[in-house]
Amino acid sequence: MPFPHASEALSRFTVLDLTRVRSGPTCVRQLADWGANVIKIDALTEDAGGEQPGGPRRGSDFQNLHRNKRAMTLNLKDERGLAVFKRLAAKADVVVENFRPDVKKKLGIDYESLAAINPRIVYGSISGFGQDGPYHKRPGFDQIAQGMGGLMSITGAPGEGPMRVGIPVADLTAGLFCAMGILTALLEREVSGKGQWVQTSLLQAQIFMLDFQAARWLMEKEVAKQAGNNHPTSIPTGVFKTSDGYINIATTGGRIWERCAQAIGAPELYNHPDYATAPARSRNRDALNAEIEKRTVTKSTETWVRELNEAGVPCGPIYAIDQMFEDAQVKHLGIAQDVPNDEGRPIRLVGQPVTLSRTPSRMVARPPEFGEQTDEVLKEFGLSADEIADLRQHKVV
């Protein structure tokens, strides 16, 4: 029975997945969820039944990162294992890895080595700091990138010291950017007929995500500071207490600020000289927030969310994760999806946040067990039953 594709969009491409932990698997998950034939290479040194880089194999984290893939085992430190990998790479479209830059060269699976046998190969690399330069041999870690990339300096309440973001944002964005680079290289290959090396790093991804705060420094030499729950430029925007919890209110420009003042029953605030212009609201942010909160504490979160949105003022509740998945719009979007499996295991994961009208992404296959499809994959790449038996005898697969 052929392995199902999650979508027809990328079904013509074969991807060899050498990644581990988070940034690399995030990249490859994008390709797998859009239908690429992804083959995860499980190193024989990994513990097949217990802890893996990224947590237990049947744990929620691993399951969420590795759905819609197949897996095979291969010992890349053995010459015969390297020869097998090169046979796979000769026919594959994409290889993705997130080793330290020097490791792949030692293994003989770097871009130059594989391009010599398959000039069409698109080779995606994610590192902590880049493939060369003074830090290129340092191990990469999300929180280190958050700190060096400037994010922790603008996150958290003013005066309380640097604060990490609650998600591994450098890992995740590096993975997404690498996937975008790979897709771009595949599109270009349709014109040139040649593959190329796609590179990104946690540090580059994190700096890119600073967006307008980075641009403010580069263009205006202004160093952004911590603003807590307040938006650094659109004021008033922030978190406000209600009678039973908290809400977010966001205003962008004078017209929405006028609507907000009217909706909370304080039209006098709109014309008050301390709050009448954007620069004035910025100077008097704390006083304005206090005035708004005097009103918001008088009603429930549900009431304010309804009334402010009806008035054309962006407003929303602040959910815990379980509450978020119970929200009517989240349920309507269908982003929580069940993964079919023959074992009848309950596997519910986060689906793709993008929809395509003709070739949608679906959950079609649970994450593979350790080396689950080794023989199947090797046969597809032309290895005979005798060759596979020999590889097993010598603990190459």
We want to know whether S60 and Q63 form a side-chain donor-acceptor pair, criterion being a heavy-atom distance below 3.5 angstrom.
no
Under-4.0 Å salt bridge between R57 and D42:
yes
Between D110 and K104 (salt bridge meaning N to carboxylate O under 4.0 Å), is one present in this structure?
no
Test salt bridge (Lys or Arg N to Asp or Glu O under 4.0 Å) applied to D61 and R22, step by step:
CA-CA 9 Å; D61 196 14; R22 186 170 312 282; 2.7 Å; yes
Do L269 and R295 have side chains that approach each other closer than 4.5 Å (heavy atoms only, starting at C-beta)?
yes
W257 and Y270 aromatic ring geometry - parallel, tilted or perpendicular at 30°/60° bounds
tilted
Quick check for you: to the nearest 0.5 Å, what is the distance between N341 atom CG and E343 atom CD?
5.0 Å
Less than 4.0 Å between a side-chain N and a carboxylate O, is that true for R87 and E387?
yes
Determine whether the side chains of T301 and D244 contain a donor N or O and an acceptor N or O closer than 3.5 Å.
yes
Would you say the side-chain atoms of D327 and Y319 include a donor-acceptor pair closer than 3.5 Å?
yes
With salt bridge (Lys or Arg N to Asp or Glu O under 4.0 Å) as the test, would you mind laying out the steps for R58 and E369 before giving the verdict?
CA-CA 8 Å; R58 288 201 175 187; E369 299 297 335; 3.0 Å; yes
So that I can tick it off, tell me whether E190 and R120 are bridged by a salt bridge, with the cut-off set at under 4.0 angstrom between side-chain N and carboxylate O.
no
W197-S125 side chain donor-acceptor pair, cut-off 3.5 Å
yes
Are any of the side-chain heavy atoms of R259 and Q262 separated by less than 4.5 Å?
no
Checking side-chain contact (heavy atoms from CB on, under 4.5 Å) between D93 and each of T14, V15, I182, L31, which is the one that passes?
T14
Test item: I121 and Y111 side chains (from C-beta on) under 4.5 Å apart, heavy atoms:
yes
Using 30° and 60° as the class boundaries, would you call the ring planes of Y135 and F129 parallel, tilted or perpendicular?
perpendicular
Please step through side-chain hydrogen bond (donor to acceptor under 3.5 Å, both in side chains) for the pair K379 and Q373, ending with a clear verdict.
CA-CA 10 Å; K379 288 176 184 176; Q373 291 91 7; over 6 Å; no
R392/D375 salt bridge by N-O under 4.0 Å criterion:
yes
Polar side chain donor-acceptor pair, S384 to D386, under 3.5 angstrom:
no
Does the pair T303 and S300 meet the rule for a side-chain hydrogen bond (donor to acceptor under 3.5 Å, both in side chains), with working shown?
CA-CA 5 Å; T303 300; S300 69; 2.9 Å; yes
Treating N118 as the side-chain partner and A92 as the backbone partner, does any N or O pair qualify as donor plus acceptor under 3.5 Å?
yes
Can you see whether F3 has R70 sitting over its ring - NZ or CZ less than 6.0 Å from the centre and within 45° of the normal?
yes
Side chains of R67 and N64: do they bring a donor and an acceptor to under 3.5 Å?
yes
If we count only N and O atoms by modelled type, under 3.5 Å, do the side chains of Q30 and Q352 hold a donor and an acceptor together?
yes
Quick check, are the ring centers of F208 and F177 under 6.0 angstrom apart?
yes
Ignoring hydrogens and geometry beyond distance, is a side-chain donor-acceptor pair present between N289 and E293 at under 3.5 Å?
no
R12 and E8 ion-paired at < 4.0 Å
no
